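Remarks on the structure that follows.
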Amino acid sequence: MIIAGVDGSRTGLDAVAWAADEAALRRSTLIVAHAVPKWVCEQTTGGRYAEIGQWMRQGANTVLAAAQDRAHREQPGVTIETVLLPGDPRSALIKAAQEAELLVVGSHGIGGLRGLLVGSVAYGVATHSTTDVVLVRDLPPAPRDEVVIGVDGSPGAMRALEFAFAEAELRGVRLRAVHAWAWPHPGGFEPADPDREQNTLRTLQELLAPYRERHPRVDAVVEVVHGHPVEVLKEAAARAGLLVIGSRGHGQLAGMLIGSISHAMLHHAPGPLAVIRQ
């Protein structure tokens, strides 16, 4: 089961389209969800706010119908259901997705403030959901034959590797595992060190070996790129259909729900971004 959260926005409909394609690949059911205040769902025929509640429910059903239509047009063969969730969209979606394979949302909603790079609902579910989350921004006009993953050897990256290999296998595309090589010092970053980079490359090849055995049909390549991780991943993702990252990497403070690099990519990923939980 895949859950896609919608609110009537363009990015929300793009998220539904992406989720429908993913459901087709996984042969899963797609649940299209929209959240409204709890009292709207509980409103009966009488009462002071009955007409307002009815109007809001009609609007919510219109949003769900439009999203369902978009998903059907994208993937007619996928089973698509709709659900109206009570409560705050962030907590409602997180709760609804607890048993789901994936939670998909658009990067911005109807109420997004101009200039913000990621909406509050998208940010909330990406940073607090216990389910893997895909944030959809700017769907590419044509399919891209590559999945990119940022790797650093952390536990979060290990699970993200399994997800990325599985996605590349489902899509029949190449997997590019990218490691950013950047050693900071007071004057900036150390220059590239060929010997160190080769050692890192060998370590990453060893890291990928068991995943290659489990997914022999995936053409997986490894790159060590000199630069800041955010800039390196942005450039790599510009050519990819999906960027995959772990929710936390090396060097993150205990108790943090999402790492600094993952946080930055929520704002700057140029296309669909998968945030994978440990």
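Here, residue 1 is the first one in the sequence, and each next residue gets the next number. Fair warning: this is a prediction, and the values are worked out from it, not measured in the lab.
Side-chain contact between V225 and V178 is present, with heavy atoms from C-beta onward closer than 4.5 Å. The side-chain heavy atoms of V222 and L208, taken from C-beta on, include a pair separated by under 4.5 Å. You'll find the side chain of S107 stays beyond 4.5 Å of the side chain of V136, heavy atoms only. Looking at I31 and I2, their side chains never come closer than 4.5 Å, going by heavy atoms from C-beta outward. Counting only heavy atoms from C-beta outward, the side chains of L103 and V125 approach each other to under 4.5 Å. Put simply, the side chain of I245 does not reach to within 4.5 Å of the side chain of I149, judged on heavy atoms. For the pair L64/L84, a side-chain contact is recorded, criterion being any heavy-atom separation below 4.5 Å from C-beta on. In this structure the side chain of E101 never reaches within 4.5 angstrom of the side chain of E22, judged on heavy atoms.
R57 contributes atom CZ, which lies 6.5 Å from atom CD of Q54 (distance to the nearest 0.5 angstrom). Distance CG/L102 to CD1/I3: 10.0 Å, rounded to 0.5 Å. Between L13 atom CG and D7 atom CG the span is 8.5 Å, to the nearest 0.5 Å. Remark: I276 CD1 to M158 CE distance equals 14.5 Å, nearest 0.5 Å. For the atom pair OG (S129) and CD1 (I94), the distance works out to 5.5 Å, reported to the nearest 0.5 Å. Taking CZ of R217 as the reference point, atom CG of L170 lies at 9.0 Å (rounded to 0.5 Å).
Annotation for G246 and A160: closest pair N-CB, 3.9 Å, computed over non-hydrogen atoms. The heavy-atom pair separating V218 from F165 by the smallest distance is CG2-O, 3.7 Å. Residues L93 and A33 come closest through the heavy atom pair CD2-CB, 4.0 Å. The shortest heavy-atom contact between A126 and V275 is O-CG1, 4.3 Å. Contact between L30 and A4 at its shortest, heavy atoms only, is CD1-CB, 4.1 Å. Shown here for H34 and V63, the closest heavy-atom pair between the two residues is ND1-CG1, 4.0 Å.
Remark: E146 does not engage R171 in a salt bridge, criterion side-chain N to carboxylate O under 4.0 Å. In this structure, D14 does not pair ionically with R137, as no charged nitrogen and carboxylate oxygen lie closer than 4.0 Å. In this structure, R214 does not pair ionically with E169, as no charged nitrogen and carboxylate oxygen lie closer than 4.0 Å. We find that D88 and K38 are not joined by a salt bridge, their nearest charged nitrogen and carboxylate oxygen being 4.0 Å or further apart.
In this structure, H128 contributes its side chain and G124 its backbone to a donor-acceptor pair below 3.5 Å. Remark: side-chain polar atoms of D21 are not paired, donor with acceptor, to backbone N or O of Q75 under 3.5 angstrom. Proximity of a side-chain donor or acceptor of R212 to a complementary backbone N or O of A220 within less than 3.5 Å is detected.
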**Study point:** Residues V147, F163; criterion side chain to side chain contact (heavy atoms under 4.5 Å, CB included); working and verdict
**Key:** CA-CA 10 Å; V147 171; F163 179 93; over 6 Å; no
**Study point:** Verdict with supporting geometry, R159 and D132, side chain to side chain contact (heavy atoms under 4.5 Å, CB included)
**Key:** CA-CA 11 Å; R159 185 167 179 276; D132 297 334; 2.9 Å; yes
Exercise for review: Could you give me the CA-CA distance, side-chain angles and deciding distance for Y123 and H263, then say whether ring pair (Phe, Tyr, Trp, His ring centres under 6.0 Å) is met?
Suggested key: CA-CA 9 Å; Y123 182 83; H263 181 278; 5.5 Å; yes
Review point. Yes or no on side chain to side chain contact (heavy atoms under 4.5 Å, CB included) for L135 and W18, after CA distance, side-chain angles and deciding distance?
Key: CA-CA 10 Å; L135 200 70; W18 191 96; over 6 Å; no
Practice item. Might you work through the side chain to side chain contact (heavy atoms under 4.5 Å, CB included) test for R277 and T131, ending with a clear yes or no? Key: CA-CA 7 Å; R277 300 296 168 200; T131 305; over 6 Å; no
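Counting non-hydrogen atoms of neighbouring residues, nucleotides and ligands closer than 6.0 angstrom, the CD atom of Q58 exceeds 12 such neighbours. By the 6.0 Å contact criterion, CD on E235 is open, its count of non-hydrogen atoms from other residues, nucleotides or ligands being 12 or less.
Using modelled atom types and a 3.5 Å distance limit, the side chains of Q98 and T130 yield no donor-acceptor pair. With 3.5 Å as the limit, one finds no donor-acceptor pair spanning the side chains of Q68 and R73. When only modelled atom types and interatomic distance are considered, E231 and H268 share no side-chain donor-acceptor pair under 3.5 Å.
V244 and L25 are assigned to two separate hydrophobic clusters, defined by single-linkage of ILVMFWY side chains at heavy-atom distances under 4.5 Å. Note on V173: it does not cluster hydrophobically with V221, by side-chain heavy-atom contacts below 4.5 Å among ILVMFWY residues.
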